[in-house]
Each structure stands twice: as structure tokens, then as C-alpha cells.
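For reference, the structure discussed in these notes is given below.
The chains referred to below are lettered A, B, ... by the order of the sequence lines, with proteins before strands, and numbering in each begins at 1.
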Amino acid sequence: MKNKEIAEIFRQVAQLLEIKGDNPYRIRAYEKAAQTIEALGVDVEELAKKGRLTSVPGIGADLANKIQEILRTGTLSLLEDLKKEIPPALLTFLQIPSLGPRKVKAIYDKFGITTLEELEKLCLEHKVARLSGFGFKTEENILKGIKLLKEKRGRRPLGEVLPYAEEIVELIKSKAPLENIASAGSIRRRKETVKDIDVLITSNQPEKVMSFVANLPQVEEVIAFGETKTSVRLKIGIQMDVRVVPQNSWGAALAYFTGSKAHNIRVRELALEKGLKINEYGVYRGEEWIAGRTEEEVYGALGLPWIPPELREDQGEIEAALEGRLPRLVEYHEVIGDAHVHSKYSDGASSLEEIMNYAEKLGLSWVAICDHSQGLKVAGGVPVEDLFKKKRHIEELNQKSKKVKLIFGAEVDINSDGTLDYPDEVLKEIDFVIAAIHTGFQQDEKQITERIISALKHPLVHAIAHPTGRLINEREPYAVELKEVFEAAKNYGKALEVNAYYKRLDLPYIYVRTARDMGIKLIIGTDAHIVDQMTYLSLGTAVARRGWCEKEDLLNTLSYEEFMAWLKKVRNA
DNA sequence: GCCGTTTTCGGCCCGACTGTTTTCAGTCG
């Protein structure tokens with residue numbers, strides 16, 4: 001039973017309890033537990049075996065028992081009982097914007113329906129509007145919501161939304177009367193997927209700013225319009241929430257709208273303990289405003305150092321801040337190498353020259369050219385004879401270039417039986433070997449784990465590319481026991497990739513943190529197949545930062561000479 | 001349901017906007 005499945009059970013319990021109208025704090029406890037477990041980075045099962053479940057914040061004696069029950073029986077009797085009381089199909093209704101637990105319950109109590117089609121029909125017949133607390137507007141909103149839900153727009157990959165958000169922020173900045181503007185929310189925390197775009201603004205002409213926003217050409221529909229808060233749905237099918245606050249509240253509002261919600265709740269609880277109150281306008285002692293101009297001021301008022309947005313998930317960062325042991329996160333500009341770029345030698349679209357020029361433009365010092373290996377025919381795997389042509393080509397270019405060095409690498413397939421896709425006498429000529437699984441995804445956990453471990457064990461391999469194989473929103477990770485992979489990587493002194501391609505971000509950040517805690521080196525590669533994609537490097541750095549990585553944890557912060565030395569050291573170990 | 005250097009009971013983050021009401025509940029972030 002994986003963490004994700006246990007989290008899902010608790011999440012369903014929370015939602016059913018919500019519809020039932022149960023104690024809101026009990027509901028929050030289940031939600032919080034679901035969130036914590038999902039982001040744990042170690043198997044709950046491991047903790048359970050050691051009897052350490054209650055050491056997880058938010059897991060008390062009762063939830064620990066419930067986890068044990070789930071691990072033992074595969075299900076939770078509480079959930080089964082709730083399902084008998086409230087049809088789980090109703091949970092779909094909760095996904096309709098404007099419908100919350102109270103309204104869902106009212107509809108169910110009156111009509112006993114459980115499908116979107118039935119609900120749609122009732123709205124069209126204007127039967128819903130007759131319920132107390134409902135009206136024709138609500139009916140309209142439900143119909144609109146059902147339509148949106150059927151379009152199935154969920155969370156989008158960060159790499160897809162971020163450039164769009166930056167563009168829209170620039171546009172508002174250049175045309176509306178304002179002092180400060182920034183995107184906040186999950187975009188600022190660089191979470192791997194985002195649900196909406198949050199924009200924070202300071203201005204003394206909020207009404208002008210808001211009407212500018214509401215009339216942007218990108219806007220499809222205005223959902224809510226106020227002087228301090230306006231929400232619109234953009235034509236690309238994503239919601240944008242814009243908040244305008246006074247200049248003095250910039251820091252407080254930025255902290256508040258950056259979240260995460262769990263982080264904010266902890267910070268506010270901390271404030272209460274100190275007799276302070278925090279809202280988006282500032283920090284208050286009684287009626288008196290005492291801080292809020294900058295984030296540093298807000299955290300400072302609580303006796304905390306500033307916490308980088310990427311860490312604000314209530315996953316131990318507040319405790320670390322209190323104890324003065326926040327990591328000194330790797331800075332974006334400290335990442336000076338891209339460890340995984342494809343060229344025309346395999347399925348990439350760019351030549352070595354183009355890659356070198358683009359790297360210089362990005363301010364990089366080195367790029368490892370890791371084309372696919374011979375067996376991966378669909379991706380133009382490089383036959384052995386071309387490999388040495390490529391090697392000479394790289395050497396020529398390196399002689400001419402002072403600023404950027406290319407590294408002769410290969411992304412070598414791990415065959416189904418765990419062997420590698422080039423013979424050893426070829427591998428030893430390749431300066432950087434990153435091994436990867438591209439076939440046999442359907443193998444079971446034992447087989448895949450053993451495949452990866454045998455690659456890690458191979459003396460000529462330096463690292464494993466995209467260790468879980470997941471594609472965000474598209475493909476689940478293959479069955480792999482990461483704990484064993486991590487142990488092997490540690491034992492053999494090998495690195496694990498943080499693949500920065502926007503659909504991969506693999507290792508996912510929660511495992512980056514586990515690997516980093518174990519002392520395993522991480523290496524960012526963009527997996528670029530065309531030079532533009534090398535800009536994804538910053539997404540990889542974001543993942544590393546979310547995984548608490550410091551400069552020393554990332555091989556990409558090494559100079560070309562240092563990295564080459566590391567490559568040699570691995571093979572001599 | 002969790003939690004505790006005031007506490008093992010009694011707290012638990014805070015505010016904006018909408019749509020329904022006629023002073024506020026529900027939803028959302």
C-alpha cells in the first residue's frame with residue numbers, strides 16, 4: 001500500500017465527513033494527515049513497522065491505528081461506513097465551483113441524486129432554485145460548473161503555466177497604475193503543478209487596476225469583481241486571482257498569498273502563541289499594526305528568518321527556521337551545467353554548435369550531450385561508429401570554445417535484463433554515462449528495481465536518468481522500490497538525475513529530499529531535444545530547492561574541471 | 001482528530017465576494 005493510496009483514503013473520509021456536516025476540525029485533521037502522508041518521502045509502511053507513525057506531525061494515536069488498519073486490510077472501516085451513509089458519487093459534486101459541502105448535502109437530501117446528468121436536468125427544470133438558500137444565479141453557476149468539469153481541466157504542469165503567468169504579469173505591470181506586482185501562490189513556490197495563477201499588486205488606485213485586469217484580452221469570463229479581490233477565468237482555461245493591497249501590506253500579503261495553506265496555518269498559530277495576529281494586511285498586536293512591509297518583516301516579527309517560498313509546505317521548514325537550521329538553498333545562478341541534452345546525433349533537433357551557443361546565452365559553463373544509445377531505434381539511438389564521430393566533433397568544438405565546454409555523454413538504455421545497451425569497451429570511452437529505462441515499463445516492482453540497481457552497480461555508469469519514469473498528468477511512475485534504489489546509489493557513490501523537462505520533474509521533489517538526506521548526489525538535466533528546452537534548467541533547480549538541496553548536493557554547481565574530475569573519481573572508486 | 005514550557009480539556013487561521021437574504025451563510029483561497 002503506497003502513501004498516495006493511504007492519503008486518498010483519508011482525503012475521501014474528509015470529504016464525506018464534510019458533506020455529513022461533521023466537526024470541521026476533525027475534517028481538517030484527516031485532510032492534513034492526507035497531505036502530510038502524500039508528501040512524506042518515506043514509505044508509511046516502513047514507519048508503521050517501526051511503530052513510529054505518531055512521530056509524524058498530525059498523526060496521533062487514532063490515525064496511527066487507522067493507518068495500521070489500512071495496511072492490514074487494504075481498506076478502512078470508517079470509510080466503508082461513511083460510504084453507506086453518503087454515496088461516494090456525490091464527491092464529484094464537490095468539484096463543481098460554487099458547490100460546497102452544505103449545498104451538496106441540501107441537494108442530496110431533497111432529491112437523492114448522485115450523477116452530474118441528474119443534477120444538470122434538475123437545474124434546467126429550475127427545481128434547484130426552489131431550495132432554501134439557492135436561487136437562479138446558483139443554478140446558473142452549477143450549470144456552468146458542470147460544463148467546466150466535463151472539460152476536465154485539472155492542475156497544469158508548472159512549466160506550461162509559468163511563462164504565460166510571467167507574460168501576463170509583465171503586461172499588467174506595464175499598463176496599470178501600480179507600485180509592486182508579483183505572482184504568488186503555487187507558482188511562486190514552484191510547485192510542480194498549479195491550479196491557478198495568483199497575482200498580488202500594491203496600488204493606490206485599486207479600482208483602475210481591477211478594471212484593467214477584468215478587461216485584459218486574455219480574459220474569458222469575470223467570476224468575481226471587487227476592489228481588493230478579482231477572479232477571472234482566462235481563455236487558456238485557467239483561473240487567475242488578483243489581489244490589490246496597500247503598499248504597507250506588501251510583505252504580509254505576499255506571504256499570505258504565497259501559501260501554502262498549511263504553512264500559513266502554522267505561521268498564524270505561531271503568531272497566536274506570541275499574542276500576535278496575522279492577516280494579509282500585516283502583523284498585529286491587539287489593534288496595533290507592527291509589521292507587514294516586507295516578508296522579512298513578517299517572519300521577523302515571529303522571531304523567524306525569511307523562509308524561501310519553495311520550502312513553504314509545512315514539511316518541517318518552520319521547525320527548522322525556529323531552530324536556525326534552514327538549509328542554505330542552492331541559488332538558481334549557481335547551477336552552471338546542464339547534464340542531459342540531446343543533439344542531432346540522436347533524436348534532438350539541434351546541432352552541437354547550436355547547443356554550445358545557446359548554453360553561452362544562458363550563461364552555462366558546460367553541457368553534457370547525452371544522446372540515446374543504439375538499441376532505442378525509435379529515438380534515433382546512436383550506433384557505435386557514430387559515437388566516435390560525435391566524440392571527435394565535441395573535442396574540436398571544445399578546443400575553440402573558452403566559455404562553454406561540451407561533455408561526451410550518453411543516455412544508455414537499461415535493457416530488460418538489467419544489462420546496458422553498449423558493450424563495456426564502448427562505455428569506457430564515454431565520459432558521462434547516464435543510464436535510463438525506456439522499455440519494459442510493465443515489469444513488476446522487483447524486476448524494475450533490480451534493473452536499476454544493476455545499472456547503479458555497473459562500474460562505468462555515473463547516474464540514473466528520470467528514476468521513476470513518470471510523466472505529469474500522463475503516465476504513472478513505473479513500479480520501482482525507491483528505497484532500494486537510494487541505498488544502491490549511496491553504496492556505489494552514484495548520482496540520481498533531477499530531470500528538468502516540464503512533464504517529468506523526476507525525481508519528484510519529495511524524493512529529492514529523501515535522497516539528499518541520505519547524502520546522495522543529485523544532477524539536473526533538462527533532457528532538451530531542442531535548445532529552447534534548455535531553459536527548463538530553472539525548473540530542475542526549483543525541484544532541487546523544494547527538495548532542500550544546498551549547493552554541495554548538486555553536481556551542476558561544479559565547474560567543468562571539477563565535474564570531469566568527479567566523473568573520473570566515480571570510475572576509479 | 002490533534003495538541004500542550006500557561007493546558008490532558010478546550011482550543012483549533014483569517015478575510016473577500018456572492019447570492020441569498022434583510023443580516024448572513026456558504027464558498028473559496
Output side-chain donor-acceptor pairs under 3.5 Å for residues 282-290 of chain A, partner residues at least two apart or in another chain, one line each.
from   : atom 1 : to     : atom 2 : distance (Å)
A:W289 : NE1    : A:Y281 : O      : 3.1
A:W289 : NE1    : A:A291 : O      : 3.3

For a quick test of your reading: what N or O donor-acceptor pairs under 3.5 Å do the side chains of residues 316-332 of chain A make, sequence neighbours left out?
from   : atom 1 : to     : atom 2 : distance (Å)
A:E317 : OE1    : A:D314 : N      : 3.2
A:E317 : OE1    : A:Q315 : N      : 2.7
A:E317 : OE2    : A:H263 : ND1    : 2.7
A:E317 : OE2    : A:E313 : N      : 3.1
A:E317 : OE2    : A:D314 : N      : 2.5
A:E319 : OE2    : A:R266 : NH1    : 3.0
A:E319 : OE2    : A:R266 : NH2    : 3.3
A:E323 : OE1    : A:R325 : NE     : 2.6
A:E323 : OE1    : A:R325 : NH2    : 3.0
A:R328 : NH2    : A:E334 : OE2    : 2.7
A:Y332 : OH     : A:E310 : OE2    : 2.8

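At a non-hydrogen distance threshold of 4.0 Å, A:I96, A:P97, A:S98, A:L99, A:G100, A:P101 from residues 91-101 of chain A come into contact with DNA chain B. Contacts between residues 284-301 of chain A and DNA chain B, counted as heavy-atom distances below 4.0 Å, involve no residue at all.
A:Y501 pairs by the ring-ring contact (aromatic ring centres under 6.0 Å, His included) definition with A:Y536, not counting sequence neighbours. Listed by chain and number, the residues in a ring-ring contact (aromatic ring centres under 6.0 Å, His included) with A:H126 are A:F136 (sequence neighbours excluded). With sequence neighbours excluded, the residues that form a salt bridge (Lys or Arg N to Asp or Glu O under 4.0 Å) with A:E160 are A:R156. For A:E120, the salt bridge (Lys or Arg N to Asp or Glu O under 4.0 Å) criterion is met by A:K150, not counting sequence neighbours. Residues passing the side-chain hydrogen bond (donor to acceptor under 3.5 Å, both in side chains) test with A:S77 are A:E69, sequence neighbours excluded. With sequence neighbours excluded, the residues that form a ring-ring contact (aromatic ring centres under 6.0 Å, His included) with A:Y30 are A:F10.
The interatomic distance linking A:R266 (CZ) with B:dC12 (P) rounds to 16 Å, in whole Å. Taking atom CD1 on A:I9 and atom P on B:dG1, their separation rounds to 16 Å, with Å as the unit. Taking atom CZ on A:R233 and atom C1' on B:dC28, their separation rounds to 15 Å, with Å as the unit. The distance from atom CD of A:Q15 to atom C1' of B:dG1 is 17 Å, rounded to the nearest whole Å. The distance from atom CZ of A:R188 to atom P of B:dG29 is 20 Å, rounded to the nearest whole Å.
Comparing the C1' positions of B:dT5 and B:dG1 gives an interatomic distance of 24 Å, to the nearest angstrom. Spacing between B:dT21 and B:dT6 at atom C1', rounded to whole Å, works out to 43 Å. For the C1' atoms, the distance from B:dC9 to B:dG19 is 39 Å, rounded to whole Å. Between B:dC13 and B:dC24, the distance separating the two P atoms is 23 Å to the nearest Å. The same atom, C1', is picked in B:dT23 and in B:dC17; the two are 16 Å apart, to the nearest Å. Annotation: B:dT20 and B:dG26 have their P atoms spaced 14 Å apart (nearest Å). A distance of about 16 Å separates the C1' atoms of B:dC12 and B:dT8, rounded to the whole Å.
Using N1 to N3 plus N6-O4 or O6-N4 for Watson-Crick, or N1-O2 and O6-N3 for G-U wobble, each under 3.5 Å, B:dC12 pairs with B:dG1.
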Detail all sub-3.5 Å separations between protein N/O atoms and N/O atoms belonging to nucleotides 2-8 of chain B.
from  : atom 1 : to    : atom 2 : distance (Å)
B:dC2 : OP1    : A:G60 : N      : 2.6
B:dC2 : OP1    : A:G60 : O      : 3.4
B:dC2 : OP1    : A:L63 : N      : 3.2
B:dC3 : OP1    : A:G58 : N      : 2.8

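For CZ of A:R102, the number of neighbouring non-hydrogen atoms (other residues, nucleotides, ligands) closer than 6.0 Å is 12 at most. Atom CZ of A:R52 sits in a sparse spot, with 12 or fewer heavy atoms from other residues, nucleotides or ligands closer than 6.0 Å.
In summary, the side chains of A:R188 and A:S183 do not present any donor paired with an acceptor at a separation below 3.5 Å, with no hydrogens or angles considered. A:T202 and A:N180 share a donor-acceptor pair across their side chains, judged by distance under 3.5 Å alone.
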Determine, step by step, whether A:E125 and A:K127 satisfy the salt bridge (charged side-chain N to carboxylate O under 4.0 Å, His left out) criterion, reporting the C-alpha distance in whole Å, the side-chain angles of both residues, the deciding distance to 0.1 Å, and the verdict. CA-CA 5 Å; A:E125 292 165 353; A:K127 287 184 177 160; 3.2 Å; yes
For salt bridge (charged side-chain N to carboxylate O under 4.0 Å, His left out), just list the numbers for A:E192 and A:R470, CA-CA rounded to whole Å, side-chain angles, deciding distance to a tenth of an Å, and then say yes or no. CA-CA 13 Å; A:E192 63 191 23; A:R470 66 103 175 243; 2.9 Å; yes
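Residue A:K105 is classed as having no contact, given no heavy-atom separation below 4.0 Å to the nucleic acid.
In this structure, B:dT7 shows a glycosidic angle within 90 degrees of zero, which is the syn conformation.
For the pair A:N23 and A:D198, nearest-nucleotide mapping onto DNA chain B gives the more 5' position to A:N23.
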Nucleic acid footprint by protein, nucleotides 13-21 of chain B - heavy-atom cut-off 4.0 Å, B for base, S for sugar-phosphate alone: BBSSSSSS-
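With respect to the salt-bridge test (charged N to carboxylate O, under 4.0 angstrom), the residues A:E295 and A:R312 qualify.
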